[in-house]
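In what follows, every heavy atom counts, from backbone to side chain, and hydrogens, waters and symmetry copies are set aside.
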Amino acid sequence: MPTPPTDLSAIGDLERNPERSLQFEFVRATENAALNSLQWMGRGDKEAADAAACDAINGMFDLVEIRGEVVIGEGIKDNAPGIFLGDKLGRWGAEDPRFDIALDPIDGTSNISKGMPNSVSVMAAVLVPDGHERSMVNIPSFYVEKLAYGPAVAKAIRDGIVPPISLDLPFGHTLEIAADALGKRIGELVVTVLDRPRNQIYIDAVRSAGASLRLIADGDITAAVAPSLHDSGVDLYVGRGGAPEGILTAAALKALGGDILLRMWPRDEEERAELMKTLTREDLDRVYHTDDLVHGENAIFCATGISDSPMLPGVKLIGKTAITHSIVMRSRSRTVRYIRAVHDLEVKTIHLRSLRGEEHL
């Protein structure tokens, strides 16, 4: 049988855009993290769940031919078991493509420990072009102010149909702009906020304006991505939350066409003084948008649900079978894929770094 002709254009595309094929390795990593951490659902030990997810992600990337460096790492905030800033992922061959990686092995560790909804395993990666140092921005503050909205609002602002949204606007005014952009009444808007005392100002503003409020206990990546998903039923996300989660959100919005506004929010004067040792006042007050946080067009975002969230269903166990639901996005093509995978637990194995080999679930 004659050998079919080689599609040189396809080979060239994979060389220029290696994330096109590697995106599925990232999905396997979040799938394995979700499956390996599921044993800790509701057991009150969020650190054990986090460690199980990290072990699975590290193990998966021990098999993947990339040069990945964690530039936004989980575990920085609370010294929990994690994958940390500066950690290397992949086999690091001399010719392997280089990626900046942001990840949260479990976004919503408190939720998984309590058996509650809204926990996912999530990763983002951006190809680092030759001659460039970084493709993602690392925000040094513990918390940031965040405001995320979807493609319809972003387009209305870009086209001049509504004025730009700002973090300095009274939030009631922001709701008016979003309602105009979406062709809704304010009372029809749905706004998600992380339920913390530091966010009471936003909670009060949403209630005062008459919009619908959805409070979440944990897991603000899924909540901030939700306004950019066509079927989430959420219009805006606002609140003060973790800086790493903001960068992960930006990677997703890069592929979805939404936008996030992000600004450092020092918790107290001590943190402000510490930040000012290396930053200027202009740095501290700067408002970042999606393209400021994630550079270039070769970005991947993927997540796998652990427990049900606005973005994804959680892992479902049926006898000796586990069903996972994942999402993977690629910014260059603006493609969003939903992957439903059925795992036969009698034969399914995952590669764990702690064992340096395969383990049955």
Side-chain angles (χ1 to χ4, degrees), residues 46 72-80 82 102 104 106-114 116-120 122 137-149 165-175 178 189-227 234-250 253 259-276 279 281 283-289 293 309-310:
K46 66 179 184 180
I72 309 293
E74 186 275 347
I76 297 170
K77 296 187 296 183
D78 53 12
N79 294 320
D104 198 341
I106 302 177
D107 180 41
T109 51
S110 294
N111 292 347
I112 191 174
S113 71
K114 297 174 183 177
M116 294 173 61
N118 212 34
S119 61
V120 298
V122 58
V137 172
N138 186 19
I139 302 297
S141 62
F142 190 94
Y143 288 134
V144 291
E145 298 175 82
K146 309 174 199 177
L147 174 58
Y149 48 86
I165 288 174
S166 163
L167 290 175
D168 293 320
L169 286 175
F171 195 62
H173 190 184
T174 297
L175 291 173
L189 291 179
V190 177
V191 184
T192 302
V193 183
L194 186 65
D195 190 9
R196 299 287 189 274
R198 63 181 179 267
N199 289 327
Q200 193 62 45
I201 183 174
Y202 301 113
I203 294 169
D204 292 343
V206 174
R207 287 172 172 164
S208 177
S212 294
L213 177 66
R214 301 288 186 271
L215 292 175
I216 57 169
D218 203 358
D220 65 347
I221 296 173
T222 60
V225 172
V234 176
D235 298 303
L236 292 173
Y237 171 82
V238 68
R240 294 158 177 164
E245 291 84 351
I247 313 303
L248 278 157
T249 299
L253 300 189
D259 201 3
I260 186 169
L261 279 63
L262 184 152
R263 178 169 60 195
M264 284 182 267
W265 189 75
R267 291 167 289 174
D268 49 36
E269 288 305 315
E270 182 179 353
E271 185 183 4
R272 181 181 293 274
E274 187 64 28
L275 289 168
M276 289 300 290
L279 302 175
R281 181 58 186 266
D283 293 332
L284 202 61
D285 292 341
R286 179 180 176 182
V287 176
Y288 295 84
H289 288 256
L293 298 165
S309 74

Would you say that [X] contacts [Y] through its side chain, given a criterion of any heavy-atom pair below 4.5 Å between the two side chains?
X    : Y    : value
Y143 : E271 : no
P140 : M264 : yes
P244 : D104 : no
P266 : L284 : yes
L236 : L175 : yes

>> D259: which residues meet the salt bridge (Lys or Arg N to Asp or Glu O under 4.0 Å) condition with it, sequence neighbours left out?
In response: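 So D259 forms no salt bridge (Lys or Arg N to Asp or Glu O under 4.0 Å) with any residue.
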
> Looking at residues at least two apart in the chain, or sitting in another chain, which of them share a salt bridge (Lys or Arg N to Asp or Glu O under 4.0 Å) with D218?
Replying inline: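 Counting only residues at least two positions away or on another chain, D218 forms no salt bridge (Lys or Arg N to Asp or Glu O under 4.0 Å).
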
For the student: nearest non-hydrogen atoms of [X] and [Y], plus distance:
X    : Y    : result
P227 : D235 : CB-O, 3.4 Å
R281 : M276 : N-CE, 3.7 Å
N111 : S119 : CB-CB, 4.4 Å
L275 : S141 : CD1-CB, 3.9 Å
G246 : L262 : CA-CD1, 3.8 Å
V144 : G242 : CG2-O, 3.9 Å

I'd like to check the side chain to side chain contact (heavy atoms under 4.5 Å, CB included) partners of [X]; sequence neighbours left out, ordered by chain and number.
X    : answer
S113 : K46
A148 : A224, Y237, L253, I260
D283 : L279, T280

Gap between atom [atom2] of [Y] and atom [atom1] of [X] - 0.5 Å precision:
X    : Y    : atom1 : atom2 : value
D107 : I112 : CG    : CD1   : 11.5 Å
L261 : L169 : CG    : CG    : 9.5 Å
N138 : L293 : CG    : CG    : 10.5 Å
I247 : T249 : CD1   : OG1   : 8.5 Å
N199 : L215 : CG    : CG    : 9.5 Å
I139 : I72  : CD1   : CD1   : 7.5 Å

Donor-acceptor contacts under 3.5 Å from residues 190-197 side chains, at least two apart:
from: R196; atom 1: NH1; to: A217; atom 2: O; distance (Å): 2.8
from: R196; atom 1: NH2; to: A217; atom 2: O; distance (Å): 3.0

>> Considering only residues two or more places apart or on different chains, which pairs with a residue in residues 204-216 satisfy salt bridge (charged side-chain N to carboxylate O under 4.0 Å, His left out)?
In response: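 Of all non-adjacent pairs touching residues 204-216, none passes salt bridge (charged side-chain N to carboxylate O under 4.0 Å, His left out).
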
Non-neighbouring partners of [X] that pass side chain to side chain donor-acceptor pair (under 3.5 Å), sequence neighbours left out:
X    : answer
N118 : T222
D168 : R263
R286 : none
R272 : none

> Excluding sequence neighbours, so at least two apart, what forms ring-ring contact (aromatic ring centres under 6.0 Å, His included) with Y202?
Replying inline: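 Counting only residues at least two positions away or on another chain, Y202 forms a ring-ring contact (aromatic ring centres under 6.0 Å, His included) with F171.
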
